[in-house]
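The structure appears right after this line, and notes come after that.
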Amino acid sequence: MTVRTRFAPSPTGLLHIGGVRTALYCWLYARRHGGTFVLRIEDTDRERSTDAAIEVILEGMAWLKLDADEGPFYQTRRYERYREVIGEFLQAGHAYRCYCTRERLEEMRNAQLAAKEKPRYDGRCRHLTEHPTGVPSVVRFKNPETGTVVVDDAVHGKVVFDNRELDDLIIERSDGNPTYNFCVVVDDWDMKITHVIRGDDHLNNTPRQINMLRALGATPPVYAHLPMILGSDGTKLSKRHGAVSVLEYQEEGFLPEALLNYLVRLGWSHGDQEIFSIEEMVAAFDIADVNKAASAFNADKLAWVNQQHLMRADGARLAALLRTQLGALGIDCGSADFVAIVECQRERAKNLKEMAENSRFFFVRPGVYEEKAAKKHLTVEAGALLGTLEAALTGVGDWSAPVLHALLTDLATAAGVTLGKVAQPLRVALAGGAVSPPIDATLAILGREESLVRLGNARRFIAAGSQIGAPGG
RNA sequence: GUCCCCAUCGUCUAGAGGCCUAGGACAUUACCCUUUCAAGGUAGCGACACGGGUUCGAAUCCCGUUGGGGACGCCA
């Protein structure tokens, strides 16, 4: 049997972290077993489905490289097929028309709730022999009234449901459109899905779906219900928890493989390993190792995982991404050695947006010195050192990090001070603050001309008694 | 309310009856390294929800309690 999994999001809301994790597990399982991964858009709720949400699903999946082998299929384009099956159900007595009004249903529900019972349809139209005409109706599936349904779940084990707990659910609305629980069954069957991997919240739907599958004469697939992902406060993930759409993580400068790495470890583990490449995930993933308990989303750990991937990723690739982030910040960065910048910044940022912010000074001269840093490092004493430095730098032949580093240490030794005494004032002069990548690398990237301009500005700032708030030009 | 699911450090998790004095990771604290910030290294703090069983022995098995989550829609 070749494995076929599917990811079936509904475009009634934007694709978020929870959906991505489900998609990842489906994709991983298919890849791991050389199977097929199908993407299906469940858009039968025409009121709430939006094109924007579909767009996010498609773009998000593309960004994450969770490529589908088949699809996207849209349920709204398969209505003919659903009607056909509903017709067959009606014919075979597996379904019936129900003429109960919404008002009656509502009253019944309230009464049941008041009587501390589980609200469910009472089956009034189930055995109707005469059918009213000119009255709107829905179609309900005739669920077995006795016996049990056993869901043999791949992560939860056997879960038993009593058919008496289930009622006759609506499979066709009064407007003639089919409903979710029914479409899923027909689609999973038609698309020959072998493993249904989805959120825990669908576990309760499963026995009804199995009953419909049986009515169809189909063999139920393997089910694997994944635990939910909760917000950082342990409650259900919602808009309140930031990042509504998965694409926001892209905008924030997260690497797709890092997001996936963080997500794969939420509910699954492989010994003590924390960092996985996509290939490693594919090789190690197994549903048998999936956890049963819900987990809370933790932004700190995501940030750490992202940094780990930032430290491992290809420099040229990162350079291109950094450029995009710089552009998003409105920084005009003509030509520069972006790879060199990435190399000295990758271990100093949690994400590419932060890296861009930290790298701003490479492209924009400091307009104002950070107050604390200027006060501490741009002293008269430092001014003298910077003067010596300026002269020395002017005469450097090979403007490279190792040469510059040697020059700096020699100068400090000659002046009888620690390297910090030279490096910190220089850092403030170049970067505008007390924080930057190693000073030799910073110098090398900035280049001789620009470095000397900034050095001169700092010296003038000191000479002016550090009274002016900003250096010239 | 009814049904279903779940329960190890603050968080993610290892743990398939003796290997557990409960391991790793994030976060946090201290120290080391060091030209700043990081990264890295070392150490510290920190958990088997509770109560009963079963067993020579339980974080691991069973029952109950409590707590959390989900479902109960002409939503998916």
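All of these numbers come straight from a predicted model, not from anything done at the bench. Chain letters run A, B, ... following the sequence lines, proteins first, then strands; residues in each count from 1.
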Opposite nucleotide pairing with C20(B), Watson-Crick or G-U, both atom distances under 3.5 Å
none

Tell me which of V155(A) and K116(A) sits closer to the 5' end of RNA chain B, going by the nucleotide each one is nearest to.
K116(A)

Is there a side-chain contact between I462(A) and E381(A) in this structure, where contact means two heavy atoms from C-beta onward sitting under 4.5 Å apart?
no

Return no unless some side-chain N or O of S174(A) is found under 4.0 Å from OP1 or OP2 of C74(B).
no

So T44(A), base contact, sugar-phosphate only, or nothing? Heavy-atom distance under 4.0 Å.
sugar-phosphate

For nucleotides G64(B) and G10(B), find the distance between their C1' atoms and express it as a whole number of Å.
29 Å

Taking C6(B), G1(B), A76(B) as options, the one with an atom nearest any side-chain atom of T179(A) is A76(B)

Heavy atoms within less than 4.0 Å of RNA chain B: which residues of residues 381-392 of chain A have one? Give them sorted by number.
none

Provide the Watson-Crick or G-U wobble partner of A14(B), both distances under 3.5 Å; none if there is no partner.
none

In whole angstrom, give me the gap between the P atoms of C61(B) and U8(B).
13 Å

Under a 3.5 Å cutoff, is there a donor and acceptor pairing between the side chains of N261(A) and N306(A)?
no

Please classify the nucleic acid contact of N291(A) as base, sugar-phosphate, or nothing, using heavy-atom distances under 4.0 Å.
sugar-phosphate

P207(A) side chain reached by V151(A) side chain, heavy atoms, under 4.5 Å
yes

Is there a Watson-Crick or G-U wobble partner for A7(B) with both distances under 3.5 Å, and if so, which one is it?
U66(B)

Each nucleotide N or O in nucleotides 71-73 of chain B that has a protein N or O under 3.5 Å away: list the pair and distance.
from	atom 1	to	atom 2	distance (Å)
A71(B)	O4'	N204(A)	ND2	3.3
C72(B)	O2'	P119(A)	O	2.7
G73(B)	OP1	R109(A)	NH1	3.4
G73(B)	OP2	R109(A)	NH1	3.1
G73(B)	N2	R48(A)	NH2	3.1

Give none if A30(B) has no partner; otherwise give the nucleotide forming a Watson-Crick or G-U wobble pair with it, both distances under 3.5 Å.
U42(B)

Does U60(B) have a Watson-Crick or wobble mate here (both distances under 3.5 Å), and if so which one?
none

Checking all strands, does V138(A) fall into the base, sugar-phosphate, or nothing category for heavy-atom contacts under 4.0 angstrom?
base

Taking the side chain as everything from C-beta on, heavy atoms only, tell me whether V20(A) gets closer than 4.5 Å to L260(A).
yes

Residues E42(A), R198(A): salt bridge by 4.0 Å N-O rule
no

Taking atom C1' in both U2(B) and G17(B), what distance in whole Å separates the two?
37 Å

Closest nucleotide among C6(B), A76(B), C74(B) to the E42(A) side chain:
A76(B)

In terms of side-chain heavy atoms of P438(A), which of C5(B), U36(B), C12(B) is nearest?
U36(B)

Heavy atoms from C-beta onward define the side chain here; which of C12(B), A76(B), C5(B) lies closest to that of D200(A)?
C5(B)

Interatomic distance, L419(A) CG vs U36(B) C1' [rounded to whole Å]
11 Å

If a pair satisfies ring-ring contact (aromatic ring centres under 6.0 Å, His included) and one of its residues is in residues 135-175 of chain A, list it, with sequence neighbours excluded.
F89(A)-F141(A)

Taking N and O atoms by type only, does the side chain of S436(A) place a donor or acceptor under 3.5 Å from a partner on the base of C37(B)?
no

The correct set of residues in residues 421-431 of chain A placing a heavy atom under 4.0 Å from RNA chain B is A423(A), Q424(A), R427(A)

Candidates G1(B), C74(B), C4(B) - which lies nearest the side chain of R102(A)
C74(B)

Taking any heavy-atom pair under 4.0 Å as a contact, classify P9(A): base, sugar-phosphate, or nothing.
nothing

H131(A)-Y99(A) aromatic ring centre distance below 6.0 Å
yes

Cation-pi geometry met for R140(A) and Y121(A) (6.0 Å, 45°)
yes

Are Y262(A) and F297(A) an aromatic pair, judged by ring center distance below 6.0 Å?
yes

Any N/O pairs under 3.5 Å between the protein and nucleotides 23-32 of chain B? List them or say none.
from	atom 1	to	atom 2	distance (Å)
G23(B)	N2	D272(A)	OD1	3.2
G24(B)	N2	E274(A)	OE2	3.0
A25(B)	O4'	E274(A)	OE2	3.4
C26(B)	O2'	K301(A)	N	3.4

If you only use heavy atoms from C-beta on, which nucleotide in C5(B), U36(B), A38(B) is closest to the side chain of E347(A)?
A38(B)

Strand partner of G1(B), provided both Watson-Crick or wobble distances fall under 3.5 Å
C72(B)

List the residues meeting ring pair (Phe, Tyr, Trp, His ring centres under 6.0 Å) with Y25(A), not counting sequence neighbours, and say none if there are none.
F285(A)

Below the 4.0 Å mark, does C6(B) have OP1 or OP2 next to a side-chain nitrogen or oxygen of H156(A)?
yes

Taking the C1' atom of each, how far is A22(B) from C9(B), in whole Å?
10 Å

